[in-house]
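Written out below as structure tokens is the structure these notes cover.
What you see is a predicted model, and the numbers here were worked out from it, not measured in a lab. Along the sequence shown, the residues carry numbers beginning at 1.
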Amino acid sequence: MTFLSCSFAVTAGLFGLAGTATGPDVPASAGVLPPLSERDGDDASRGEARVPSAKVGQPVMVKVVPPPVDPNVKPVATAPLPADSGSGHRVVFDITQQVVWLVDADETVLRTYYVSGSRYDQLPTGTFDVFSKSRDAVSWHGTETMEYMVRFFRGENSNIGFHDLPVATASGAEVQTLSQLGTPLSDGCIRQDLDDAVALWEHAEVGTPVVVVRS
């Protein structure tokens, strides 16, 4: 009697039929519905979510979309001062990392930040001295203006130095975003956020060593 009652419940639940169970024994697992991935399309009509291509026991691959980058937020540089980068009051620029360090006479790192150096990689490594400074300057091709220029290397076409993000004379807009700092994008000079450009301008008087390295 107990077996017939259980069989009746399984049969009625699966097929919606009334009556007495007959025929061979029904396994106990028959009352378990298959997973959504193996059930018929009418399951979806009842609002049950399923992944048609998924198989039981297999992970579902989901594409992760990174959040958008705010172009007005500059990346934060935390890299330590490179070894063998000179000593005393100086400026250190790592071409590989696109990072600048302002270092005081007692080896205290006053400031660390990302910059955008030359995309043509024409700056050699070595130690150079600041030889001139200009509060305002114009690019060698005459299409951009910049502020807080600090020159330390005499290039083939023009002098190379540090300055703020250039402004295109035609549009009046900066030629790159803050979020792009850390990527080589210039024609030769080293671009900085305005706050960093002012800090380097105040830190590096004429004669201050500039150490250029590759990590």
inquiry  = Considering only residues two or more places apart or on different chains, which pairs with a residue in residues 193-202 satisfy side chain to side chain donor-acceptor pair (under 3.5 Å)?
reply    = Lys74-Asp193, Lys74-Asp196, Arg111-Asp196

Partner of Trp101 under side chain to side chain contact (heavy atoms under 4.5 Å, CB included), chosen from Val211, Val91, Val109 = Val109

query = Which distance, rounded to the nearest 0.5 Å, do you find between the CD of Gln180 and the CD of Glu174?
reply = 11.0 Å

ask   = Distance only, no hydrogens: is a donor on one side chain within 3.5 Å (strictly under) of an acceptor on the other, for His141 and Asp187?
value = yes

query = Under a 4.5 Å side-chain heavy-atom rule over Ile, Leu, Val, Met, Phe, Trp and Tyr, are Met146 and Val130 clustered together?
reply = no

ask   = Say you draw a straight line from CZ of Phe93 to CG of Leu102; how long is it, rounded to the nearest 0.5 Å?
value = 13.0 Å

query = Under a 4.5 Å cut-off applied to non-hydrogen side-chain atoms, are Asp129 and Val210 in contact?
reply = no

Interatomic distance, Ser87 atom OG to Asp84 atom CG [nearest 0.5 angstrom] = 11.0 Å

key: Linked, directly or transitively: Val167 and Leu185 (ILVMFWY side chains, under 4.5 Å)   = no

message = Quick one, Thr169 with Glu144, criterion side chain to side chain donor-acceptor pair (under 3.5 Å). Give me CA distance, side-chain angles, the key distance, then yes/no.
response = CA-CA 5 Å; Thr169 54; Glu144 298 169 359; over 6 Å; no

query = Is it the case that one hydrophobic cluster holds both Val103 and Leu200, taking links as side-chain heavy atoms less than 4.5 Å apart, direct or via other members?
reply = no

query = Between the main-chain N or O of Arg90 and the side-chain N or O of His203, is there a donor-acceptor pair closer than 3.5 Å?
reply = yes

remark   = Closest heavy-atom pair, Ile95 versus Gln98, reported as atoms and distance to 0.1 Å, is O-NE2, 2.8 Å

request  = Identify whether Ile160 and Val92 are in the same connected component of the hydrophobic contact network (ILVMFWY, side-chain heavy atoms under 4.5 Å).
outcome  = no

query = To the nearest 0.5 Å, how far apart are CG in Asp70 and OG1 in Thr177?
reply = 9.0 Å

inquiry  = Quick check: do Glu205 and Lys133 have side-chain heavy atoms less than 4.5 Å from each other?
reply    = yes

query = Checking side chain to side chain contact (heavy atoms under 4.5 Å, CB included) for the pair Ser179/Val73: CA distance, chi angles, key distance, verdict?
reply = CA-CA 5 Å; Ser179 64; Val73 176; 5.9 Å; no

Nearest-0.5 Å distance that lies between atom CZ in Phe152 and atom OG1 in Thr208 = 12.5 Å

ask   = Does one hydrophobic cluster hold both Ile190 and Leu194, with members joined at side-chain heavy-atom distances below 4.5 Å?
value = yes

query = With sequence neighbours left out, which residue pairs that include part of residues 146-168 fulfil the salt bridge (Lys or Arg N to Asp or Glu O under 4.0 Å) condition?
reply = Arg135-Glu147

query = Is it true that a side-chain atom of Asp104 and a backbone atom of Asp106 form a donor plus acceptor pair closer than 3.5 Å?
reply = no

remark   = On a heavy-atom basis, the closest approach of Ser116 and Gly182 is OG-N, 3.9 Å

query = Is the closest side-chain heavy-atom distance between Leu181 and Leu165 below 4.5 Å?
reply = yes

key: Any donor-acceptor pair under 3.5 Å from Glu107 side chain to Gly88 backbone   = yes

Heavy-atom donor-acceptor pair, Ser139 side chain to Gly142 backbone, under 3.5 Å = yes

inquiry  = If I compare all heavy atoms of Val115 with all of Val100, which pair ends up nearest, and what's the gap?
reply    = CG1-CG2, 3.7 Å

ask   = Closest approach of Asp94 and Pro82, non-hydrogen atoms and distance?
value = OD2-CG, 4.1 Å

ask   = Nearest heavy-atom pair of His163 and Cys189: which atoms, and what distance?
value = NE2-CB, 3.2 Å

key: Heavy-atom closest pair, residues Gly188 and Gln122   = CA-NE2, 3.5 Å

ask   = Distance from Arg191 atom CZ to Phe162 atom CZ, nearest 0.5 Å?
value = 14.5 Å

message = Tell me if the CG atom of Asp136 is crowded by more than 12 foreign heavy atoms within 6.0 Å.
response = yes

query = Does Ser186 use its side chain to pair, donor to acceptor, with the backbone of Gly117 at less than 3.5 Å?
reply = yes

